[in-house]
Chemist: 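My questions will all concern the structure given below.
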Amino acid sequence: MLSTTARRAVRAWTVLVLVFLYAPLLLVVINAFNASRTFAFPPTSFTLQWWVHAANSEGMWKSLANSAVVGLGATTIALVLGTMAAFAVQRYTFFGRNVVSFLVVLPITLPGIVTGIALNATFTSALGVTLGMATVIVGHATFCIVIVFNNTQARLRRLGTSLDDASADLGASPWQTFQYVTFPMMRGALVAGAILAFALSFDEIVVTTFTAGPTVQTLPIWIFGNLFRPNQAPVINVVAAALTLVAIIPVWLAQRFGGDPATTRI
Amino acid sequence: MSILLGRRISLALLLIPPLAWLVVAYLGSLAVLLVSAFWTTNAFTGAVVHTFTSDNIVRVLTDAVFRTATVRTVSVAVVVTVLCIVLAVPLAFYMAKVASPRVRLALVVAVTTPLWASYLVKAYAWRVLLSPEGPMSWTTGYSPGYGLTATVITLTYLWLPYMVIPVFAAFERVPDSLVDASSDLGASDFATLRMVVAPLVFPGIAAGSIFTFSLSLGDYIAVTIVGGKTQMLGNIIYGQLVTANNQPLAAALSIIPLVAIIGYLLAMRRTGALENV
Amino acid sequence: MGKVARTAEAIDPSTRTLLTEVDVPNKDGRLLPGSFGEVHFAVGTNVNKVTVPVNAMLFRSEGPQVAVIGTDNKVQVNTVLPKEGSTGWSDTWMLSAKAAHPNCMYKWMDWITSPEVNAQVAEYFGEAPAQTKACEHTSQKDFCDIYHATDAKFAADLHYWTTPQKHCVDGSGNNCTAYNEWVDKWQQIKG
């Protein structure tokens, strides 16, 4: 299809970009073992002591648990609402369909600081609600809906309605069609959307800072608080290195069960 | 008739919960934000005082520092977007059209995994990389130091996966047969890319650009970590909100990125980007 | 036995010498004009003021600091005070007048300001402990000396932070610069 030179050029470019993508991550992994507290380069000696510190860090485990809870909560809400919205937009024609699509996409396209300040102003000034886990979950769910919506909508568009119609023609009720025909085909998109939504919620810091208040610490907030403390900075690298390595599992899972990579959406 | 009514009811049931959430939680809070831009604060306590004033809006439109920061931020966002496009498009093309299926899966995993590494740690890794005693100056003897260049590099790095994924999806959707047909009809590689592939892929690129543009427009954390004294719109907003306790002015300043993004989204809608997001 | 009358108060950069005038009793006339001699200065042994060039100093959030070699031959970072003095702050705990559980707060305040705990907090942050009895509990024995925790004269040269308001703190009027204006100015300076 393409000439050999073009192929070679594109392959070389791919390698370059991959090096660019992974060089900083490699540095993080190196510094997780670097005995120097100030990340002297090249490292003079290696140590596992930061890994021990990290394992013993109560603050880290607590914030990790909080992040997991927030992620699960936000993803669940997003799965329900996002799928409903995707179905409504894909399977029905109605006035204002484009407006709904636009509205759903808006939370993830507006800068986090705008969303964060807006939610903060609403929670504290307008509603008088104390900031806590619930407010964080509300904030996260709002931009997670988009991700599930996008993935589900893309898959539904690719599937088309012919199979659903065939099922109805053969006598199945709408619920049966959903249960036996649509849902199994859509499952992969839901898995991919859920995993990506969880990832975004897990790493989110801006909206979280404005909706968490002083009592809730998610992992990114904990990391940010310790990033510039000389005693704690090496532990941060350990946490990041561990997370990146562990993350390969859900990413691979998302690709394996998400089905066609072409329908993966942010 | 009852079927139509049944369909309408099921549409309403499907649409109302998500719409209610988005309108109330999201649009509602944006409305509160816009209203609060017209309030003011008690100078000593920083508490918001609900008296109407247009001072904040006037300041946002007239103060030179806000104008400078806006120009700088928009420029950075545009440069970062262009760099991401340049890096992502050949990569996505390789992944979609040249790589074997197994390599393709590995590459998709490889490109998506960095999204799981903490944004803060990645920015901090660049801080270490670009420091005067860091790896970059150790290997090449030169480092741009902390400033605007470092900010652009870091932001490009952070948002690159967000550009690769939609562009890759767009390339995948271009049927091989079209490309083959084009070369059968005598077009060179370059002509095929320009006249057949590019128009089909453009919505994907536009979709990716929405992310890179908006993420760069509002960023203040990566700028603080690698930007030295560089001040972008996000830093100014953050400073007014958290340091100066001036929430109404911060809300007024937030209108700038809000208007910019909505304008960008409306422009991109015509390119079909929103279906590819 | 003479006395230093005055000096040039500045070092000549080319000769790296300090021009000094010494008043010496010359009743017997043994010192003749134009003659040369050797002069020995009795310099105080407990002079603990060292002048360092400004590019040897570290300016950090903890204040101006300088690295010295400690008694164990390891590099140590010490706090220095410019002759103009310095600004400073002290972390405090406040109890809300409307607190639902004031006794809990009192217990917390007792605990966090106790010598052992204050020592740990001070060492973690790298700042002087507010509780002087904490000095006996720090794991690094000369911690309090490095941070001048018990040095009253050092503390007297610190100008403690206070919220700037339009109403001037020294009572000179109502046209002082309020806090949010300082933030505006800083943002304008950074540009």
Side-chain angles (χ1 to χ4, degrees), chain A residues 1-3 6-7 10-11 13-14 17-18 21 24-25 27-28 39 41 81 84-85 87-88 92 94 100-105 107 109-114 117-119 121-122 125-126 138 142 145 150 199 203 205 220 223-224 227 236 240 243-244 247-248 251-252 255 261-262 264-266, chain B residues 11 14-15 17-18 21-22 25-26 29-30 32-33 36 48 87 90-91 93-94 98 105 108-110 112-122 124-126 128-129 134-135 138 162 165 169 172-173 179-180 189 210 214 217-218 220 234 237 241 247 250-251 254 257-258 261 265 274 277:
Chain A
M1 180 183 45
L2 272 192
S3 68
R7 277 168 171 266
V10 172
R11 187 174 297 135
W13 192 263
T14 303
V17 175
L18 283 176
L21 269 180
L25 295 178
L27 184 64
V28 169
F39 309 132
F41 196 85
L81 295 179
M84 290 169 90
F87 260 98
Y92 298 80
F94 54 93
V100 173
S101 287
F102 190 82
L103 188 60
V104 174
V105 167
T109 50
L110 282 185
I113 191 168
V114 176
I117 301 183
L119 285 172
T122 313
S125 311
V138 167
T142 311
I145 293 178
N150 278 333
D203 189 35
I205 180 151
I223 291 179
F224 193 57
L227 206 50
I236 306 284
L243 275 178
T244 315
I248 298 184
V251 170
W252 178 81
Q255 287 312 309
T264 314
R265 292 284 184 280
I266 298 182
Chain B
L11 172 63
L14 278 179
L15 211 45
W21 181 287
L22 286 170
Y26 194 65
S29 48
L30 282 182
V32 171
L33 181 76
S36 72
V48 175
L87 287 173
L91 170 65
F93 179 76
Y94 180 81
V98 181
L105 180 61
V108 174
V109 171
T112 347
T113 307
L115 284 178
W116 282 82
S118 161
Y119 153 88
L120 290 169
V121 178
K122 287 186 286 195
Y124 196 73
W126 273 103
V128 175
L129 258 175
W138 181 74
Y162 290 107
I165 294 176
E172 271 242 313
R173 273 198 301 275
V179 181
D180 288 341
D189 279 343
I210 293 177
S214 95
L217 202 66
Y220 64 94
I237 296 176
L241 180 70
Q247 195 255 311
S254 311
L258 190 60
I261 294 293
L265 280 178
L274 291 183
V277 162

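Just so you know, these numbers come straight off a predicted model, no measurement behind them. Note that these values count all heavy atoms, side chains included, but never hydrogens, waters or copies made by symmetry. Letters A, B, ... mirror the listed sequences (proteins, then strands); counts begin at 1.
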Chemist: Select one option (side chain, backbone, both, neither) describing which atoms of Leu25(A) are under 4.5 Å from chain B's heavy atoms.
Modeler: both
Chemist: Taking all non-hydrogen atoms of both residues into account, name the closest pair between Pro111(A) and Ser214(B) and its distance.
Modeler: CG-O, 3.9 Å
Chemist: I'd like to know which of Ile236(A), Ile223(A), Leu243(A) tops the heavy-atom pair count under 4.5 Å against chain B.
Modeler: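 Most heavy-atom pairs within the cutoff with chain B belong to Ile223(A).
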Chemist: If you look at every heavy atom in Ala117(B) and Thr244(A), which pair is closest and at what distance?
Modeler: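 For Ala117(B) versus Thr244(A), the nearest heavy atoms are CB-OG1, 3.4 Å.
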Chemist: Between Ala88(A), Pro107(A), Ala240(A), which shows the greatest number of heavy-atom pairs under 4.5 Å with chain B?
Modeler: Pro107(A)
Chemist: With a 4.5 angstrom heavy-atom cut-off, which part of Ile205(A) approaches chain B: side chain, backbone, both or neither?
Modeler: side chain
Chemist: Walk me through it: do Leu110(A) and Tyr26(B) pass the test side-chain contact (heavy atoms from CB on, under 4.5 Å)?
Modeler: CA-CA 11 Å; Leu110(A) 282 185; Tyr26(B) 194 65; 2.9 Å; yes
Chemist: Rounded to the nearest 0.5 Å, what separation is found between the CG atom of Leu81(A) and the CG atom of Leu22(B)?
Modeler: 7.5 Å
Chemist: Going through the checks in order, is the side-chain contact (heavy atoms from CB on, under 4.5 Å) test met by Leu15(B) and Phe94(A)?
Modeler: CA-CA 11 Å; Leu15(B) 211 45; Phe94(A) 54 93; 3.6 Å; yes
Chemist: Tell me the closest heavy-atom pair linking Leu119(A) and Ser29(B), and the distance in Å.
Modeler: CD2-OG, 3.7 Å
Chemist: Apply side-chain contact (heavy atoms from CB on, under 4.5 Å) to Gln247(B) and Ile117(A), showing your working.
Modeler: CA-CA 8 Å; Gln247(B) 195 255 311; Ile117(A) 301 183; 4.2 Å; yes
Chemist: What's the spacing between Leu129(B) CG and Leu27(A) CG if we round to 0.5 Å?
Modeler: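 Taking CG in Leu129(B) and CG in Leu27(A), the distance rounds to 5.0 Å.
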Chemist: Roughly how far, to the nearest 0.5 Å, is the OH atom of Tyr124(B) from the CZ atom of Phe224(A)?
Modeler: 12.0 Å
Chemist: Any donor-acceptor pair under 3.5 Å linking the side chain of Trp13(A) with the backbone of Leu91(B)?
Modeler: no
Chemist: If you look at every heavy atom in Met84(A) and Leu14(B), which pair is closest and at what distance?
Modeler: CB-O, 3.4 Å
Chemist: Would you mind checking which part of Val17(A) comes under 4.5 Å of any heavy atom in chain B, side chain (CB onward), backbone (N, CA, C, O), both or neither?
Modeler: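 Only the side chain of Val17(A) comes within 4.5 Å of chain B.
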Chemist: Which residue in the set Ile237(B), Ile261(B), Leu30(B) passes side chain to side chain contact (heavy atoms under 4.5 Å, CB included) when paired with Val114(A)?
Modeler: Leu30(B)
Chemist: A side-chain contact here means heavy atoms from C-beta on lying under 4.5 Å apart; do Lys122(B) and Pro24(A) qualify?
Modeler: no
Chemist: Quick check for you: among Ala126(A), Gly112(A), Ala121(A), Ser125(A), which has the greatest number of heavy-atom pairs under 4.5 Å with chain B?
Modeler: Ala121(A)
Chemist: If we define contacts as heavy-atom pairs under 4.5 Å, which of Ser36(B), Pro135(B), Ala250(B), Ala25(B) has the most with chain A?
Modeler: Pro135(B)
Chemist: Mind checking the CG-CH2 spacing from Leu103(A) to Trp21(B)? Nearest 0.5 Å is all I need.
Modeler: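 Going from the CG atom of Leu103(A) to the CH2 atom of Trp21(B) covers 14.0 Å.
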Chemist: Looking at Leu258(B), Leu241(B), Leu11(B), which one has more heavy-atom pairs under 4.5 Å with chain A than the rest?
Modeler: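 Maximum pair count with chain A is reached by Leu11(B).
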Chemist: Name the option with the most non-hydrogen atom pairs under 4.5 Å to chain A; the candidates are Ala110(B), Gly134(B), Ala251(B).
Modeler: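 Ranked by contacts with chain A, first place is Ala110(B).
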